[in-house]
Protein chains: 2
Amino acid sequence: MSKDRPAPGGTPTLEHVAKVAGVSRATVSRVINGIRNVDPQLQEIVRAAVEQTGYVPNQAARSLVTRRTNSVALVVSEAEHRTFDDPFLGRIFTDPFFGRLVSGIMGVLRPRGVTMVLMLAENDAARTQLLGYLKQGHVDGVILISSNVDDPLPRLLTDAGLPAVLSQRPVTPLPISYVDAAQSAGAKLAAEHLIARGCRRVATISGPLDMPASQDRLSGFRDALARHGHAYVPSVEGNFTQETGERAMLQLLEEYPDVDGVFVANDLMALGAVLALHDAGRRVPDDVAVVGFDDSNAALMSRPPLTTIRQPLEDMAAEMAHLLLGRIDDPDSKPTSVIFEPTLVVRQSA
Amino acid sequence: MSKDRPAPGGTPTLEHVAKVAGVSRATVSRVINGIRNVDPQLQEIVRAAVEQTGYVPNQAARSLVTRRTNSVALVVSEAEHRTFDDPFLGRIFTDPFFGRLVSGIMGVLRPRGVTMVLMLAENDAARTQLLGYLKQGHVDGVILISSNVDDPLPRLLTDAGLPAVLSQRPVTPLPISYVDAAQSAGAKLAAEHLIARGCRRVATISGPLDMPASQDRLSGFRDALARHGHAYVPSVEGNFTQETGERAMLQLLEEYPDVDGVFVANDLMALGAVLALHDAGRRVPDDVAVVGFDDSNAALMSRPPLTTIRQPLEDMAAEMAHLLLGRIDDPDSKPTSVIFEPTLVVRQSA
DNA sequence: TTGTACGCGTTATCAC
DNA sequence: GTGATAACGCGTACAA
């Protein structure tokens with residue numbers, strides 16, 4: 001038989017290495033996995049054999065027995081059905097927001113030797129395929145980002161029993177860990193700053209209202225202003241892109257020409273708003289003060305630079321990674337939530 | 001023994017389904033993989049059993065024998081060693097360029113049932129980890145994007161025998177497929193347009209000169225102008241971000257105050273250049289004409305909208321996917337290259 | 001400390 | 001058309 005197939009025609013296997021090293025498969029396996037109980041001398045021999053053969057463990061075989069892949073998925077999802085020209089991909093690869101999240105996540109994953117794969121779920125077809133992929137055990141867990149209220153993914157993930165962490169409080173209570181920023185507290189900071197600088201006629205440009213975070217920022221802003229006597233706060237909805245921020249500001253100007261302060265739900269839209277104001281001949285912040293949200297580097301690209309509400313995205317992302325790893329190590333651990341406090345960063349737009 | 005472990009405590013396996021359906025494992029496997037030779041009646045029964053048990057094939061076991069994962073990696077790499085605050089992630093998640101590539105790739109991958117995982121290789125540590133991941137057989141092949149001249153990845157990939165496709169002509173000849181745009185032809189279009197509209201003192205803002213594409217655009221631009229008598233064309237190097245485009249334009253204005261036409265190596269930098277020109281009190285295009293590159297939606301966000309050189313990124317990405325799939329199906333097929341022709345898109349900036 | 005032997009869940013090659 | 005059964009490459013009790 002070819003139990004000892006002599007020529008490593010294809011990729012070398014554990015057995016080849018074992019033969020070269022003159023030891024058993026088990027021993028090779030041990031040194032590769034860093035198990036202590038093995039003679040240092042042999043260790044050297046084995047390492048040499050590994051080197052010589054160019055051996056690399058076969059992930060399929062390995063995870064078939066360990067039930068681990070040492071990789072997690074970062075999935076960016078969006079519930080709505082959209083056309084092919086959908087701005088979804090454009091939004092993702094345009095908003096510095098995501099870069100900060102990725103950075104924070106990799107910061108904790110990489111040192112622990114777990115790889116991150118990024119997957120997009122921009123429509124139902126994508127989601128179906130994604131779910132199959134995940135269920136098949138390609139990854140040990142998933143970090144889910146940017147899901148809106150209708151996104152079925154959180155529930156699907158818990159139903160599938162996959163370790164997962166959300167980047168937002170789930171809309172419907174679910175036994176799932178998540179990390180979030182205190183959105184309304186952030187909005188309150190914005191409101192109070194605008195009030196403090198003397199704005200009397202404030203409005204707001206919100207994010208997509210099917211996202212909890214958008215809702216919270218809007219209601220938080222309104223509540224804070226109500227406490228200062230502003231019964232009504234006009235708002236226009238955007239979708240977090242610079243373009244919609246611009247359009248929203250235009251609409252606001254048309255409907256409330258005397259607006260003198262605007263809270264915009266993210267920096268990218270704020271960038272657009274500032275542009276629109278400039279086009280309309282309004283000075284920022286003298287005529288209209290603008291406060292953004294995120295403190296992404298878009299805030300610095302604006303002129304004037306954006307006063308904004310900073311959320312510590314890198315830290316939040318790192319926390320997500322930690323929560324996920326914890327859950328992977330102990331699937332029975334209780335779902336946890338961690339809330340971060342946003343802070344006001346004053347620059348020149350307000 | 002528990003060859004017939006009765007209770008599917010964990011995830012259901014082929015064997016469970018077989019038992020429920022009252023057939024053999026082999027049969028279940030056949031219907032799952034769509035092999036014809038199976039009684040339609042049984043097919044139904046099996047399907048029902050699959051449904052009932054909620055069975056999902058175990059990818060590890062499957063690919064252990066098939067040596068296929070039905071997934072490919074899209075890796076975005078960068079050779080330089082950078083600091084933690086490196087703009088790399090910022091660049092990726094800020095440039096619409098990537099969104100278009102991803103979109104084009106998924107357009108061909110998804111219908112064929114292969115999933116795409118996106119991986120970042122922003123430094124050596126990341127690259128090492130990535131390579132291990134790839135060698136372990138997590139994916140069937142890789143599409144490599146945005147590597148610069150020093151990037152060791154193309155060679156590492158070919159050495160490892162992984163099916164791969166590059167998004168640019170490799171700097172050193174390598175037996176590897178790639179897709180590219182005719183960069184210098186595009187630059188020539190820009191040059192001729194500027195000349196045609198009467199520019200006499202043209203300059204250019206190039207991309208990072210360690211990228212072949214940047215070099216080609218620069219030399220193509222210079223060559224075309226030389227043919228029109230412009231012996232010298234000033235240039236400043238940027239790194240494809242709006243911010244560097246802005247700075248480069250500022251520098252250009254300082255050193256060549258009478259510049260009346262600029263070719264900028266991508267739209268994002270062109271956006272910054274237009275901003276800088278505006279700040280400097282120059283009218284675009286009347287005082288200074290600006291031509292960008294890519295025709296990303298950044299071109300539309302600029303005011304005035306950018307005249308630019310369009311490269312069909314979606315099509316190019318789709319072609320990359322095709323080439324890769326072809327190579328995966330037949331690893332011995334010859335490396336292929338496909339070059340796309342850029343076109344001039346005239347808007348208002350030039 | 002090291003080796004033996006079994007099992008992980010599938011696919012594929014056989015007979016039937 | 002269907003069912004045994006042998007790989008696939010590895011980790012790991014268990015025995016030595």
Side-chain angles (χ1 to χ4, degrees), chain A residues 1-5 8-46 49-50 53-70 132 135-138 140, chain B residues 1-5 8-46 49-50 53-70 132 135-138 140:
Chain A
M1 249 291 276
S2 63
K3 189 74 178 187
D4 50 333
R5 130 189 33 67
T11 53
T13 131
L14 212 44
E15 197 127 21
H16 295 140
V17 181
K19 188 152 304 174
V20 171
V23 298
S24 77
R25 239 183 24 228
T27 300
V28 180
S29 176
R30 290 193 187 98
V31 349
I32 285 183
N33 294 314
I35 294 184
R36 282 174 300 283
N37 296 337
V38 48
D39 188 323
Q41 300 226 359
L42 275 191
Q43 292 206 23
E44 270 324 300
I45 299 183
V46 170
V50 168
T53 55
Y55 170 78
V56 174
N58 177 310
Q59 177 58 33
R62 175 178 272 180
S63 72
L64 179 55
V65 38
T66 62
R67 296 168 175 298
R68 279 294 188 85
T69 66
N70 269 316
K135 278 188 182 166
Q136 289 184 339
H138 263 114
D140 298 332
Chain B
M1 247 295 271
S2 63
K3 188 76 179 185
D4 50 333
R5 129 189 35 64
T11 52
T13 131
L14 213 44
E15 196 127 24
H16 295 141
V17 181
K19 187 152 306 173
V20 171
V23 299
S24 76
R25 238 175 30 224
T27 301
V28 179
S29 176
R30 289 193 188 97
V31 348
I32 285 183
N33 294 314
I35 296 184
R36 283 174 300 282
N37 296 337
V38 48
D39 189 321
Q41 301 226 358
L42 275 192
Q43 292 206 23
E44 270 323 300
I45 298 184
V46 170
V50 168
T53 55
Y55 170 79
V56 174
N58 176 311
Q59 176 59 33
R62 173 178 275 179
S63 72
L64 179 55
V65 37
T66 61
R67 295 165 175 301
R68 279 293 189 85
T69 67
N70 269 318
K135 278 187 183 167
Q136 289 184 338
H138 263 113
D140 298 332

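Computation of the quantities below employed the complete heavy-atom set of this structure, encompassing side-chain atoms and omitting hydrogens, waters and symmetry-equivalent molecules.
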Length of the [atom1]-[atom2] vector between [X] and [N], whole Å:
X: A:Glu15; N: C:dC6; atom1: CD; atom2: C1'; answer: 14 Å
X: B:Asn58; N: D:dG9; atom1: CG; atom2: C1'; answer: 14 Å
X: B:Arg68; N: D:dC8; atom1: CZ; atom2: P; answer: 18 Å
X: A:His16; N: D:dG9; atom1: NE2; atom2: C1'; answer: 11 Å
X: B:Gln59; N: C:dG9; atom1: CD; atom2: C1'; answer: 11 Å

Do any side-chain nitrogens or oxygens of [X] fall under 4.0 Å of OP1 or OP2 in [N]?
X: B:Thr13; N: C:dC8; value: no
X: B:Thr27; N: D:dG3; value: yes
X: A:Arg67; N: C:dG9; value: yes
X: B:Asn37; N: D:dG1; value: yes

Q) Which nucleotide in the set D:dG9, D:dT2, C:dT2 lies at the smallest distance from any side-chain heavy atom of A:Leu42? A) C:dT2
**Q.** Straight-line distance of A:Leu64 CG to B:Ser63 OG, nearest 0.5 Å
**A.** 9.0 Å
Q. How many angstroms lie between atom CZ of B:Arg30 and atom CG of B:Asn37, to the nearest 0.5 angstrom?
A. 8.0 Å
Would the distance check show the side chain of [X] and the main-chain N or O of [Y] forming a donor-acceptor pair, the cut-off being under 3.5 Å?
X: B:Gln43; Y: B:Val38; answer: yes
X: A:Thr66; Y: A:Arg62; answer: yes
X: A:Asn58; Y: A:Ala60; answer: yes

Q: Mind checking salt bridge (charged side-chain N to carboxylate O under 4.0 Å, His left out) for A:Arg67 and listing every partner two or more places apart, or none if nothing turns up?
A: none
Q) Should A:Ile32 and A:Leu14 count as side-chain neighbours, where that means a heavy-atom distance under 4.5 Å? A) yes
Q | Contact pattern, 5' to 3', of nucleotides 11-16 of chain C - B, S or - by protein heavy atom under 4.0 Å | A | BB----
Q: May I ask you to say what B:Val56 touches in the nucleic acid, namely base, sugar-phosphate or nothing, with a heavy-atom cut-off under 4.0 Å?
A: sugar-phosphate
